Every structure is written in C-alpha cells, then in structure tokens.
Amino acid sequence: MMDQKSHSKLARHLSGFDLVLLGIGAIIGTGIFVLTGTGALYAGPALPVAFIISAIVCALAALCYAEFSSMIPVSGSVYTYTYATIGELVAWIIGWCLILEYGLASSAVATGWSGYFQSLLSGFGIGLPTMLTAAPGAVPGSETFFNLPAFLILMVITFLLSMGIKETKRVNNIMVLVKVAVVILFIVVGIWYVEPGNYTPFAPFGISGVLQASAIAFFAYLGFDAVTSAAEEVKDPGRNLPIGILGSLAIVTVLYVVVSAIMVGIVPFKQFEGVDSPVSLALKVAGQDWVAGFVDLGAIVGMTTVILVMTFGLVRLLFAMSRDGLLPKIFSDVNEKSHTPVKATWILGTTSGLIAGFVPLGTLAELINIGTLAAFALISIAVIILRRTRPDLKRAFKVPFVPFLPILSVLACIMLMVNLQLFTWIAFFIWTGIGLAVYFLYGRTRSKLHQ
C-alpha cells in the first residue's frame with residue numbers, strides 16, 4: 001500500500017505552523033460559540049470540568065494519531081492507518097464512520113453559520129425571504145423551504161478548496177488568527193465581570209451531569225483528526241504532523257476551559273436554556289454589547305474555518321478510499337494544475353451544501369460524535385496491534401506507556417459513548433449496515449487489495 005502512495009500527485013506546501021492553524025480552524029467553531037450553553041445546562045458551573053474530561057479523551061486518541069501520522073504520512077486519516085494494520089473491512093467501516101463525521105459536521109456547521117450570518121444581516125436591516133432562511137420544518141410555524149446561506153457558504157468553501165492547498169492555507173490562517181483574537185478579547189473583557197456566587201452549587205446534577213456535558217462537549221473538539229488528512233501535502237510529515245495534532249489540541253483546550261469558566265461565572269447556568277449564542281449572552285449580561293458584536297463576527301469566521309477543514313478532510317478521505325479501489329475512481333482523480341482532487345471536491349461540496357439546505361441537522365450532533373468516538377477507539381487498538389506485529393517500523397513519534405495509554409483511550413471513548421442516547425446508537429448501527437452493504441456489493445469486488 002505504501003509503495004502505491006509514495007509518489008503522490010498532491011503538492012507538499014504545509015508546515016507545522018500551518019497544521020496547528022488548520023487544527024485550530026477545524027476545532028474552534030460551533031463548540032465554543034454554541035454548544036457551551038447546552039453543556040452548561042447539564043454540568044452547571046462544572047462546565048470547565050466537562051471540557052477537561054473531553055480534552056483528556058481527545059488527547060489520548062491524539063497521541064495514537066500522532067504515532068501513526070508520523071509513521072504513515074498518507075491521506076485518509078484513521079482509515080489509512082486501520083487499512084495498514086487491521087485490514088480492509090475494518091478500515092472501510094471506520095472510513096464510513098468518518099464520512100458521517102466530516103460530511104454531516106460540515107453541513108451542520110453551515111446551518112449554524114447561516115443563523116449567525118442572518119443575525120448579522122438583520123443588524124443592517126437586511127432580511128432574506130422566509131422560505132430561503134432554513135430547511136423544511138426547521139422552524140415550527142414558518143414556511144421554510146431551503147437554507148440558502150448554508151448552501152452558498154459551502155459553495156464558496158468548495159470553490160476555495162478546488163483552487164489548491166496553497167490558497168486554502170492562506171485563507172484559513174488569516175481566519176484562524178481573527179477568531180483566536182476574538183476569543184482572547186472575550187477572555188480579557190469578560191474576566192472582570194465574573195461573580196463568584198455563580199459557581200455554587202458547583203455540580204448541581206452530580207458526576208452524571210458532568211459526563212453528559214462531556215459527551216456533548218466532545219463535539220467541540222472534533223477536527224484535530226482532520227489534520228492527518230493533509231499528510232501528503234505536508235513538508236516533513238514525520239515531524240510536523242504530531243506538532244499539528246497535539247499543538248492545536250493543547251491551545252484549544254486552554255481556550256475552551258477559560259472561556260467556559262468565565263461564561264458560567266458571569267451568567268447563572270439556567271439562563272443558557274434555549275440560547276444559541278451563549279458567549280454573546282455573557283457579554284450582554286456584562287453590559288459589553290460592543291464586544292458581543294465582535295464575538296458574533298468571530299463566530300461567523302470560526303464556523304467558516306470549521307466548514308473549510310471538515311470539507312477538506314472529507315475530500316481527502318474519499319480520495320484515499322477511491323485510490324484503494326473501494327469507491328469510484330473519480331474521487332481520486334487529481335487535477336494537474338491545482339494538484340487537488342477537483343472533481344471530488346465539487347461533488348462532495350455540492351452534496352454537503354444540498355444537505356445543509358434541505359435537512360435540519362441540529363439533532364445529528366450526537367450521531368457525529370458516536371462515529372468519531374468509534375474511530376478514536378479503533379486507532380487506539382491499532383497502535384497496540386502494530387507495536388506487536390511490526391515493532392521494526394520507524395516511528396518519529398511514539399505513544400508512551402503502550403499498551404496502557406491506548407487501552408485507557410478505548411475505555412474513555414466507551415465511557416462517552418454510553419452517555420449518548422439510544423436513538424443515536426440505533427442510527428449508528430443503521431448507517432454501519434448501509435456501509436457494509438456498499439462494501440460487499442461494490443467495494444470488495446473492485447478493491448485493489450483483493451485484485
């Protein structure tokens with residue numbers, strides 16, 4: 001498999017700094033600007049603890065990702081790693097789960113982006129026709145037909161990605177610096193309005209409430225794994241991929257914990273019920289409406305980079321699966337001029353745009369989470385397997401305390417998975433069943449491995 005992929009047509013333009021910003025671009029978005037309010041309703045003032053628990057689960061998986069990415073610097077993320085270690089069938093299942101994560105995440109975030117963007121337009125007295133403001137049935141009592149802003153932002157992102165990785169990284173780096181500056185502005189201004197009395201009782205719903213909040217907060221960390229999708233476009237991947245994965249996760253964790261602590265310190269947690277912009281609410285309660293405006297702008301920029309990186313990850317994932325013969329060849333066709341899979345980019349970008357336009361995706365955050373947790377558990381198992389079967393392979397980065405840390409990673413993922421709803425598990429098994437049908441009816445017969 002590695003010989004087949006050693007001469008990639010993709011261009012190597014990304015440094016360690018670019019990867020850190022790519023990771024931050026994927027992570028800081030809906031999680032910090034929207035879901036922090038939902039998490040507070042479960043954890044209360046213990047919300048920062050919920051974010052720390054989710055960060056630990058992600059960090060354990062990130063260590064495993066870092067080892068594999070430094071050893072197998074190939075597009076496809078955890079799909080490629082399991083393909084090389086556990087086998088094609090398991091790799092297909094996990095690739096199918098990641099399609100769910102990247103595809104639905106980009107559509108779901110585009111829907112959230114649309115809400116913030118329409119709010120910004122209304123501030124200038126501009127309004128869209130009601131039928132073009134949301135998906136059918138998304139707003140009870142309103143005759144909505146299509147979420148036009150969500151569709152259009154995905155079309156803009158698709159156009160940018162089709163131009164090439166150089167142009168993509170420039171735009172992403174600028175937007176990431178803007179949204180990090182907005183988050184820091186919130187911290188600098190908000191910390192002076194914290195009321196210590198709001199921290200009691202600290203965990204009103206006990207440890208079960210904190211764990212439920214952690215399962216929700218986990219969504220806020222999604223995206224660091226998308227860094228590995230850029231493996232074939234990275235300069236010195238053995239060194240820079242671990243830097244990008246662990247560096248972005250560390251920076252974001254600090255920002256999340258501090259922001260969530262300030263939020264629940266300013267606003268009594270019960271007031272976050274039904275609020276889609278909890279960070280802005282905290283600033284308005286503090287009487288800092290002018291900063292709240294900057295936060296709304298930061299949320300729009302933040303969600304834009306999430307859509308960008310998730311769509312990028314989705315395209316590179318299907319690129320790898322197609323190159324192995326498991327999906328049609330069109331997904332691995334690289335444009336000679338831009339050195340990117342342009343056809344796949346437009347197919348997947350348009351599909352995600354239509355999903356965002358026609359389907360209300362607010363209820364699918366948990367479904368995205370369960371697919372990702374399954375991927376994290378499998379990559380942790382793969383580290384243990386490969387240490388036993390191929391101890392001779394060169395590893396630029398090594399997970400410490402194997403097999404104990406990978407086993408702890410698997411258990412931590414299971415802990416969060418059992419806190420998800422029954423509906424989520426049922427939907428996950430249905431999606432997996434569809435994936436198995438596609439594999440045995442199409443992929444297996446065309447697989448390069450079996451041929």
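Just so it is clear, the model here is predicted, and its values are computed rather than measured.
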Can you give me the closest heavy-atom contact between [X] and [Y], atom names plus distance?
X	Y	result
Ala282	Ile266	O-CG2, 3.4 Å
Gly25	Thr305	O-OG1, 2.8 Å
Phe428	Cys97	CE1-SG, 3.6 Å
Phe117	Pro149	CD2-CB, 4.3 Å
Tyr221	Ala55	OH-CB, 3.5 Å
Gly349	Met155	O-CE, 3.4 Å

Donor-acceptor pair, distance only, cut-off 3.5 Å: does the side chain of [X] make one with the backbone of [Y]?
X	Y	answer
Ser409	Leu405	no
Thr350	Ile347	no
Trp431	Trp96	yes
Asn240	Lys235	yes
Ser107	Ser352	yes
Ser54	Phe51	no
Lys179	Met303	no

Can you confirm whether [X] sits close enough to [Y] that some side-chain heavy atom of one is under 4.5 Å from a side-chain heavy atom of the other?
X	Y	answer
Ile243	Leu19	no
Leu152	Val156	no
Leu241	Phe397	no
Met263	Phe186	yes
Phe68	Leu386	yes
Trp113	Val306	no
Ile53	Val210	yes
Val285	Tyr193	no

Does [atom1] belonging to [X] count more than 12 external heavy atoms closer than 6.0 Å?
X	atom1	value
Phe202	CZ	yes
Phe294	CZ	no
Ile207	CD1	yes
Phe151	CZ	yes
Phe358	CZ	yes

Rounded at 0.5 Å granularity, tell me how far [atom1] in [X] sits from [atom2] in [Y].
X	Y	atom1	atom2	answer
Thr158	Leu308	OG1	CG	10.0 Å
Leu60	Ile379	CG	CD1	13.5 Å
Cys413	Leu378	SG	CG	9.5 Å
Thr111	Ile153	OG1	CD1	12.0 Å
Thr133	Asn147	OG1	CG	7.0 Å
Ile414	Leu373	CD1	CG	10.0 Å

Stepwise side chain to side chain donor-acceptor pair (under 3.5 Å) check, Gln118 with Ser114: CA-CA 6 Å; Gln118 290 180 58; Ser114 173; 2.8 Å; yes
is_close_aromatic(Phe376, Phe218), centroid dist under 6.0 Å: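 Phe376 vs Phe218: aromatic centres under 6.0 Å.
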Worked verdict on Ile187 versus Ile262 for side chain to side chain contact (heavy atoms under 4.5 Å, CB included): CA-CA 7 Å; Ile187 293 171; Ile262 292 174; 3.9 Å; yes
Trace of the side chain to side chain contact (heavy atoms under 4.5 Å, CB included) decision for Val182 with Leu297: CA-CA 8 Å; Val182 169; Leu297 180 61; 6.0 Å; no
Aromatic ring pairing Phe429/Trp425, orientation class (parallel under 30°, perpendicular over 60°, tilted between): tilted
Verdict with reasoning, Thr311 to Leu154, per side chain to side chain contact (heavy atoms under 4.5 Å, CB included): CA-CA 9 Å; Thr311 307; Leu154 267 160; 3.8 Å; yes
From CA spacing to verdict: side chain to side chain contact (heavy atoms under 4.5 Å, CB included), Ile27, Tyr256: CA-CA 10 Å; Ile27 302 169; Tyr256 275 9; 3.7 Å; yes
